[in-house]
Q: 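Mind having a look at this structure? Questions to follow.
So you know, we letter chains A, B, ... as the sequences are listed, proteins then strands, and number each from 1. As the structure is a prediction and not an experimental result, all values here were calculated from the model.
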There are 2 protein chains.
Amino acid sequence: MEAQTADVARKPARKQQQRSIVTQQKLLDAAIEAFSENGFKGTSTRDIAERAGVHHPLITYHFKNKEQLWREATDRIFREFNVSLVKAMDEIPDIDPKAKAETFVGTYLHYSRSQPALHRIILQEANCPSERLDWLVEHHLRPLYDEVHTAIAGMQQIGIVPAGSPALLFNMIRVCAGGLVALKLELKQTSDIDLDSDEQIAELADLIIRVFFPGEQPSLG
Amino acid sequence: MEAQTADVARKPARKQQQRSIVTQQKLLDAAIEAFSENGFKGTSTRDIAERAGVHHPLITYHFKNKEQLWREATDRIFREFNVSLVKAMDEIPDIDPKAKAETFVGTYLHYSRSQPALHRIILQEANCPSERLDWLVEHHLRPLYDEVHTAIAGMQQIGIVPAGSPALLFNMIRVCAGGLVALKLELKQTSDIDLDSDEQIAELADLIIRVFFPGEQPSLG
DNA sequence: GATACCACTGACCGATTGGAAAATAAAAAT
DNA sequence: ATTTTTATTTTCCAATCGGTCAGTGGTATC
C-alpha cells in the first residue's frame, strides 16, 4: 500500500511553480535532441542537462531517472504528432480517400521535418529488443498502424493503391517520408537533396503520392 | 617523418599468425553487431570484446583505437556488399534494365537481411554531423549513389520508372529495402511482418519492383 | 634448442557515467 | 513575518569508460 491518504485528508497540494515547468520543458527538448542523435545508451544525463542549460541532478528531481525522462520525452513527440495529424485529417471528408492520403503524407512529412526525432527515436530503439521498444510499440506505433493499415486496404479495393500487403505498403510509405527525413544529413552530402527546404519536401510529398497512390479517385457523384 | 626505413633495410616482417586473424575477425563481427545496435557513442570497447570472447586491450592492439575499429568494421560490410552486388549485376545484360533493377533490389534486400548493419550503421551516423559520416559518404555512399542514380534516370526515359527526381527515387527505393529491414524488430510487433522469412522478403522485393518500376520493358528486338 | 618477434594477459590510469544525499535558495501559504 | 513546501545547487559515490603499459606465453625463424 502506498502512503497516499485516501479521499479524506488529501493534502491541498501546493501548485507547481512556473520555473519548474520551464525547466522540465527545457530538459524534455534537450532529451529529444540528444536521444535521437546518440540513442539511449549513447546519451549521458549530463549531456542532456548541459544542452538544457541546467544542473544534471535536476533530471532525477523532475523525472526520477534517465529511463523515465526518455519515456516522457518520447511521449511528448508522439502525442504532439498525433494532435497535428488528427487536426489535419479531420478537415478532410471521409468520402475522399485520396485527399486523406495526401494529407497524411503531408502532415507526416512536415512534422518530421520540424521534429526528425519522430522517426529517429524509433530507429534507435528498433535495433535490438528492449522494454523501451515494447513500450513504444504498444503506446504509439501499433495504434497508428492499426488505423492507417485498414485505410490503405480500403484504397486498394477502389484501385488507388497498388495490390500487395497493406502492412508492407504502409511501412514503405512511412520510411519514404520519415526515413528519408531522418537521413537528411546524408542526403545532403550524397544526393544534393535538402529536405530542410520547402520545395524539396513538397517534391517528395508529390512523389510519394504518385508512386504509392497512382490510381485515380473514382467519381464521387 | 616516420621511422619507416626506406626501401633498403626493410625488415623481413614475419607473417601474421593465424590466431591473430581469427581474433581480428571475431572483433570485427562483434563490433558490427554492437555498433549497429547502440551506435558509436553507445558502444563500449569492453562490450565489443566481450561479444567477441576476447580481452579488451586486444582492440587497441589490433586496431589502434575504437574509431579505427569502427572504420574497419564498416569498411568490411560495405566492401562485402559491393562484391555481392557486382557479382549479381554482372550476370544481367545491360540491355535489360528492368532485370537490372530487380537484381539490384533483390541483392540489396538479401544482403540487408543477412547483415542489417548495412543500413543501421548509416542511420546511426546520419543523426548528426561527424567525421565518421563524412568518411562513410565519401568512401561508400556517394560512389553507390553516383552509379545507381544515372541508371534510374535512364529507366525514367524509357518509361519504366515514374517521373520525378531520380535522387529522391533512388533513396526512396533504398529505404524501402534497407530501412524496412533495419526496422524488422518493430515490424514484427506492429505489423506482423517477419522479414527474416524468405517469403516475406520476396513479397517485399516484388512490391518494391511493382511500385517503383511499374513500366513495361520495351521490346528488345 | 636458442632467439626474436608476435599475440595475449592483468593491472592500472584519469575521465566520465547514473544516481543519491545534504545543504541552500526561492516561492507560496499561513 | 514566519513557516512550510518546492526548486535548485553543491558535493559525493561506486561503476564504467577509452586507453596505456609492463610482463607473460606462444610461434616462427635461425
Q: Give a yes/no verdict on a cation-pi contact between B/R132 and B/F40, requiring under 6.0 Å between NZ or CZ and the six-membered ring centre and an angle within 45° of the axis.
A: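 Judged by the rule (NZ or CZ under 6.0 Å from the ring centre, within 45° of its axis), B/R132 counts as positioned above B/F40.
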
Q: Only pairs at least two apart or in different chains count here, so list each ring-ring contact (aromatic ring centres under 6.0 Å, His included) that has a residue in residues 41-67 of chain A.
A: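 Output for this query is empty, none listed.
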
Q: Based on the rotation axes of five pairs at each end, what angle does the helix from C/dG1-D/dC30 to C/dT30-D/dA1 bend through, to 10°?
A: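 If I round to tens, the end axes sit 10° apart.
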
Q: Check side chain to side chain contact (heavy atoms under 4.5 Å, CB included) between B/A52 and all other residues, then give those that pass, not counting sequence neighbours.
A: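 Per chain and number, B/A52 pairs via side chain to side chain contact (heavy atoms under 4.5 Å, CB included) with B/K26, B/L27, B/A30, B/V54.
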
Q: Please state how far atom CG in A/L27 lies from atom P in D/dT9, giving the value in whole angstrom units.
A: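 Taking atom P of D/dT9 as the reference, CG of A/L27 is at 11 Å.
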
Q: Enumerate the ring-ring contact (aromatic ring centres under 6.0 Å, His included) contacts for residues 164-208 of chain A, please, sequence neighbours excluded, ordered by first and then second residue.
A: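 Sorted pair list: A/Y145-A/F170.
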
Q: Could you write nucleotides 8-21 of chain C as a row of B, S and -, 5' to 3', where a protein heavy atom under 4.0 Å of any base atom gives B, of only sugar-phosphate atoms gives S, and otherwise -?
A: BBB-B----BBBBB

Q: Return the set of residues passing salt bridge (charged side-chain N to carboxylate O under 4.0 Å, His left out) with B/D206 (not counting sequence neighbours), or none when no residue passes.
A: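 B/R210.
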
Q: Among all residues two or more places apart in sequence or in another chain, which pass the salt bridge (charged side-chain N to carboxylate O under 4.0 Å, His left out) test with B/R71?
A: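 Counting only residues at least two positions away or on another chain, B/R71 forms a salt bridge (charged side-chain N to carboxylate O under 4.0 Å, His left out) with B/E67.
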
Q: D/dG19 P sits how many Å from B/F63 CZ, rounded?
A: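 Result: 14 Å.
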
Q: Which ring-ring contact (aromatic ring centres under 6.0 Å, His included) pairs, counting each pair once, include a residue from residues 181-200 of chain B, with sequence neighbours left out?
A: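 Sorted result for residues 181-200 of chain B: empty, none.
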
Q: According to side chain to side chain contact (heavy atoms under 4.5 Å, CB included), who are the partners of B/K64, at least two apart in sequence or on a separate chain?
A: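 For B/K64, the residues satisfying side chain to side chain contact (heavy atoms under 4.5 Å, CB included) (neighbours in sequence not counted) are B/Q68.
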
Q: Expressed in angstrom and rounded to an integer, what is the separation of A/Q18 atom CD from C/dA26 atom P?
A: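 From A/Q18 CD to C/dA26 P: 17 Å.
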
Q: Using whole Å, what does the distance between atom C1' of nucleotide C/dA7 and atom CD of B/Q24 come to?
A: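 For the pair B/Q24 CD and C/dA7 C1', the rounded distance is 11 Å.
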
